[in-house]
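Heads up, the thing below is written out as structure tokens.
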Amino acid sequence: MIKVTVWNEFVQENDESWPERRDQMREVHPNGIHETLKAILEEDEELQVRTVTMDMPECGLTQDVLNDTDVLVWWAHVAHDRVPWEIAERVNDHVLRGMGFIALHSAHPSRPLQRLLGTSGSLKWREGDFCRVWNTCPTHPITEGIPEYFELEEEEMYGEFFDIPKPDDVVFISWFSGGEVFRSGCTWTRGYGKIFYFQPGHETNRSYYNPYVRKILKNAVHWANPTKRIEKIEFPFAEVSPEKKRMESKKNNQ
């Protein structure tokens, strides 16, 4: 069994200050986006799925949870800055040691992905557009069973420039009716861990009900499943990052 943890900030689904968007999200994802994603992944009998949200202790990502996670799936949108850097550092450590990490849609500027890739993840965007997703790497495991292209009648436009490091593979490129294109499916390797970013999944659109999107998500989990996992990363000659120094100093002064 592949142990999957689906993380969702779970903020907009409960946002009383923006009831229109809250109600739109609840219509598409009645129990939260994390439960929608969990139901997709549980269609695969080889996957064992749990969900965690930001309102849980340590954002739901304790060492015990991450030690028991083969692949971490991350959906976030409006509360990136409410995830402590300590949690991002913890996720980074587990990915370097082998855990897979899948960042979905608006997780592009999330702190764990920024920490892993070293870039801002900034991009251009516009709500409500037609999207054609092109399969640019048909031999990749993530694209198994996916045709030359598929279409999403409504999805949020994400456009270039997308501030990411050069991917190992660009497996999908999306085209929008405004003429924009976007590297919508990208992979990287960091340490022993595999990373996949996938663009479709706007909170008020029904992209996660598209059969090809669902297939891609399950393929990605299998691809990101660790082939090797180690106890810890040794940095005998490396300079400790400023953030790591700050956290260690804070811990020592407690």
Side-chain angles (χ1 to χ4, degrees), residues 7-13 15 18 20-29 32-34 36-37 40 73-81 101-114 116-117 119-138 140 142-143 146-167 169-188 195-217 219-220:
W7 190 93
N8 177 23
E9 62 184 29
F10 201 35
V11 171
Q12 289 177 283
E13 295 98 323
D15 189 355
W18 195 0
E20 181 180 3
R21 179 52 57 93
R22 178 203 63 201
D23 293 345
Q24 289 173 335
M25 289 187 67
R26 287 179 178 177
E27 183 177 349
V28 180
H29 306 288
I33 289 176
H34 51 297
T36 298
L37 294 168
I40 294 169
V73 178
W74 193 280
W75 198 100
H77 188 201
V78 298
H80 302 302
D81 60 339
F101 185 77
I102 298 174
L104 298 178
H105 189 60
S106 46
H108 58 91
S110 63
R111 285 181 169 177
L113 194 62
Q114 286 184 339
L116 285 161
L117 301 185
T119 55
S120 71
S122 62
L123 46 77
K124 294 182 175 65
W125 63 274
R126 181 180 67 254
E127 285 197 34
D129 206 341
F130 169 84
C131 177
R132 179 173 292 150
V133 182
W134 288 92
N135 178 350
T136 58
C137 196
H140 198 284
I142 291 177
T143 67
I146 305 303
E148 181 181 21
Y149 69 87
F150 63 92
E151 297 177 345
L152 301 171
E153 290 301 320
E154 186 174 14
E155 179 51 76
E156 187 171 32
M157 187 283 290
Y158 277 8
E160 299 289 344
F161 172 64
F162 186 18
D163 185 20
I164 52 174
K166 184 178 180 180
D169 289 296
V170 177
V171 295
F172 297 108
I173 292 178
S174 291
W175 174 88
F176 298 87
S177 61
E180 300 90 352
V181 295
F182 185 71
R183 291 168 289 169
S184 55
C186 300
T187 72
W188 299 267
I195 303 165
F196 177 54
Y197 171 77
F198 187 48
Q199 180 268 329
H202 183 57
E203 63 271 15
T204 60
N205 298 147
R206 298 186 62 83
S207 298
Y208 290 140
Y209 295 92
N210 178 281
Y212 295 123
V213 171
R214 298 168 82 90
K215 175 67 172 170
I216 289 164
L217 294 176
N219 287 350

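Only this structure's heavy atoms are used, side chains among them; waters, hydrogens and symmetry mates stay out.
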Quiz item: Does the side chain of H77 come under 3.5 Å of the side chain of Q12 through a donor N or O and an acceptor N or O?
Solution: yes

Quiz item: Pairs in or reaching into residues 205-214: which pass salt bridge (Lys or Arg N to Asp or Glu O under 4.0 Å), with residues at least two apart or in two chains?
Solution: E43-R214

Exercise. List in chain and number order the residues that pass salt bridge (charged side-chain N to carboxylate O under 4.0 Å, His left out) with E153, two or more places apart in sequence or in another chain; answer none if no residue qualifies.
Key: none

Quiz item: With D169, which residues qualify under salt bridge (charged side-chain N to carboxylate O under 4.0 Å, His left out), at least two apart?
Solution: none

Quiz item: Out of curiosity, H80 NE2 to S106 OG, how far, rounded to the nearest 0.5 Å?
Solution: 5.5 Å

Exercise. Answer yes or no: is there a donor N or O on one side and an acceptor on the other, between the side chain of S184 and the main chain of Q199, under 3.5 Å?
Key: no

Quiz item: Can you find a heavy atom in the side chain of E156 that is under 4.5 Å from one in the side chain of H105?
Solution: yes

Quiz item: In Å, rounded to the nearest 0.5 Å, how long is the span from OG1 of T204 to CD of E27?
Solution: 10.0 Å

Quiz prompt | Exercise: do Q24 and R21 side chains pair donor with acceptor under 3.5 Å | solution = yes

Exercise. Measure from the side-chain N and O atoms of T36 to the backbone N and O of H29, and report whether any donor-acceptor pair falls under 3.5 Å.
Key: no

Exercise. Among R132, R126, K124, find the residue that satisfies the salt bridge (Lys or Arg N to Asp or Glu O under 4.0 Å) test when tested with E180.
Key: R126

Quiz item: Is the distance between the ring centroids of F182 and F176 under 6.0 Å?
Solution: no

Quiz item: Would you say the side-chain atoms of Q114 pair up with the backbone N or O of S120, donor to acceptor, closer than 3.5 Å?
Solution: yes

Quiz item: Does R26 have any salt bridge (charged side-chain N to carboxylate O under 4.0 Å, His left out) partners at least two apart in sequence or in another chain, and if so, which?
Solution: none

Self-check item: Y197 and F162 aromatic centres sub-6.0 Å
Solution: yes

Quiz item: For L152, what residues pass the side chain to side chain contact (heavy atoms under 4.5 Å, CB included) criterion, not counting sequence neighbours?
Solution: C131, V133, F150, E155, P200, S207, N210, V213

Quiz item: For residues D163 and T119, is any side-chain donor paired with an opposing acceptor at under 3.5 Å?
Solution: no

Practice problem: Please list, chain by chain and in numerical order, all residues satisfying side-chain hydrogen bond (donor to acceptor under 3.5 Å, both in side chains) with H34, sequence neighbours excluded. | Solution: N8

